[in-house]
Peer 1: 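One structure is given below, represented as structure tokens, and several questions about it will come after.
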Amino acid sequence: MHPDLESLFYKSEENFLEATEIKLFKHHIASLADRLALYECLRDQEVAIFQPVADQLLQAFPQQDPKLLEKSLKQWITVMRYATMAMLLNNPEFLQRRLLEWLTDVIQAHQTQAIEAKLCQLLQARLKEVVPGAQLGLIQPLLDQAQTTLLGSSSVYQMAN
Amino acid sequence: MISVADLTKESYLPGNYFAPDAYIQGDYEAGLIENRQGSRLIALPEVLMEAIYAGLERETGQASGIVMFNCGRWWGKNFYRRFVEEVSRYYNRPVAEMEMAEFLQCLKQCWKTHGWGVFELDVTHYQYGFLVVKVTNSAFAQSAPKGGKVPACFAEAGILSSFFSQLTGRDLNCIQTACESLGADSNSFVLGLRERVEPATAWLEEGQDHATIMERLSQSKSAEV
């Protein structure tokens, strides 16, 4: 459930919403339409977003076992799906609890941080090409959250280079 | 070339099955809680846990630890069955085909979501035939009587021995070597073949700490090899 809307529904149980709360409600509804549009865009373009990322990843790690690269790609496709849902719900906790808490140790065990960091970098660049600037602001914080949680602060250095 | 279309053909990409907001559901006002498969869960209030410790101590005296350990073993047997069933159904493959990292992560999340604490598996002594489980913020330790002389998470030790025995197909025993109720940072449990891990009980009664016990266990294994 959308936590901001849920909070307003909860408040409206005992009395009418006040003007400021109605204004907030309208803002969330308008924002929800934008979020839904972006959700549909990301869902429909999943392959178009990830195929160039996969091709560039293969070029970046030519010696690496393709199965390992496929595994990392699948993990980031999953991250993207959960991030998209979290964006629609406007709920970063959804991404954190439903995926990242579980995936972090799995990625660490695979010791594929360099691949994951590169993949994240390619994905972020690809999204800038596909998603209009205004909408990018809706999904970007969630990808940053995924990057920080999964790759830690070391990835910030790698991304910067 | 990697085909993303092939990778996404399987539209189901699962995440954290044991995420608390998804796993624990129910009608809180009616006092009913269940897991995401619809199986009933029970909440054990702290006062009940304390009463179990106190009641067993009064009724069975020194045997209370053994009683709780055996309850834990029985609990762990069913817990393992349910865990394997739920995890393989959600991830759509038998646990035997899961990667160890994924399986362990499921177990950790499961432990945490059930409110049993934060679970860590230490495989440092694996080469000597021992696994060490560390649990912090254990509900079992928090409810244990204060001022005891030996670790008190008997039920937890029973659950672990049964769970890992079924997982490995070997009869493993589990001995707790450090306990939050005695002021330790975390609860440590040593798992190993019954006859190999058994000497730890005597060392524990001597007052040896976890590190010393692990060192001695490893040395005894080295000597045998």
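Only heavy atoms go into these numbers, but all of them, side chains included; no hydrogens, no water, no symmetry mates.
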Peer 1: Check whether more than 12 heavy atoms from other residues, nucleotides or ligands sit under 6.0 Å from atom CG of B:Asp27, and answer yes or no.
Peer 2: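 Above 12, so yes.
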Peer 1: Let me know if B:Pro20 has heavy atoms under 4.5 Å from chain A in its side chain, its backbone, both or neither.
Peer 2: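 When you check distances to chain A, only side chain atoms of B:Pro20 fall under 4.5 Å.
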Peer 1: To the closest 0.5 Å, what do you measure between CG (B:Asn16) and CD (A:Gln96)?
Peer 2: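 Nearest 0.5 Å value for the CG-CD distance: 10.5 Å.
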Peer 1: With a 4.5 angstrom heavy-atom cut-off, could you sort out which part of A:Lys67 is near chain B: side chain, backbone, both or neither?
Peer 2: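 Nothing of A:Lys67, per the 4.5 Å heavy-atom cut-off to chain B.
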Peer 1: Name the region of A:Leu99, side chain, backbone, both or neither, that has any atom closer than 4.5 Å to a heavy atom of chain B.
Peer 2: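 Both parts, heavy atoms under 4.5 Å.
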Peer 1: Of all heavy-atom pairs between A:Lys74 and B:Leu7, which one has the smallest distance, and what is that distance?
Peer 2: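 Nearest heavy atoms, A:Lys74 then B:Leu7: CE-O, 3.9 Å.
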Peer 1: A:Tyr82 versus chain B, heavy atoms under 4.5 Å apart: side chain, backbone, both or neither?
Peer 2: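 Looking at A:Tyr82, just its side chain touches chain B.
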Peer 1: Under a 4.5 Å heavy-atom cut-off, does chain B meet the side chain of A:Arg81, its backbone, both or neither?
Peer 2: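 Side chain only.
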Peer 1: Which pair of heavy atoms, one from B:Ile2 and one from A:Asp55, lies closest together, and at what distance?
Peer 2: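 In this case the closest contact between B:Ile2 and A:Asp55 is O-OD1, 4.4 Å.
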Peer 1: What distance do A:Arg97 atom CZ and B:Thr113 atom OG1 have between them, rounded to the nearest 0.5 Å?
Peer 2: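 With rounding to 0.5 Å, CZ (A:Arg97) is 8.5 Å from OG1 (B:Thr113).
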Peer 1: Would you mind telling me which of A:Ile49, A:Asp105, A:Leu100 has the largest number of heavy-atom pairs within less than 4.5 Å of chain B?
Peer 2: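 Top count of heavy-atom pairs under 4.5 Å with chain B: A:Asp105.
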Peer 1: Verify the neighbour count for atom CZ of A:Phe16: are there more than 12 heavy atoms of other residues, nucleotides or ligands below 6.0 Å?
Peer 2: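 At most 12 heavy atoms, drawn from other residues, nucleotides or ligands, come within 6.0 Å of this atom.
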Peer 1: If the contact rule is any heavy atom under 4.5 Å from chain A, which residues of residues 83-108 of chain B qualify, in numerical order?
Peer 2: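 At a heavy-atom separation under 4.5 Å, chain A is reached by B:Tyr90, B:Tyr91, B:Glu99, B:Ala101, B:Glu102, B:Gln105, B:Cys106, B:Lys108.
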Peer 1: Quick check: are there more than 12 heavy atoms from other residues, nucleotides or ligands sitting under 6.0 Å from CD of B:Glu195?
Peer 2: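 Atom CD in B:Glu195 is packed in, count exceeds 12.
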Peer 1: Looking only at heavy atoms, which of residues 156-177 of chain B get nearer than 4.5 Å to chain A?
Peer 2: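 The stretch does not come within 4.5 Å of chain A.
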Peer 1: Under 4.5 Å, counting heavy-atom pairs only, tell me which of A:Glu101, A:Gln75, A:Glu93 racks up the most with chain B.
Peer 2: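 The answer is A:Glu101.
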Peer 1: Is any side-chain heavy atom of B:Asp21 less than 4.5 Å from a side-chain heavy atom of A:Arg98?
Peer 2: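 In short, these two side chains touch, coming nearer than 4.5 Å.
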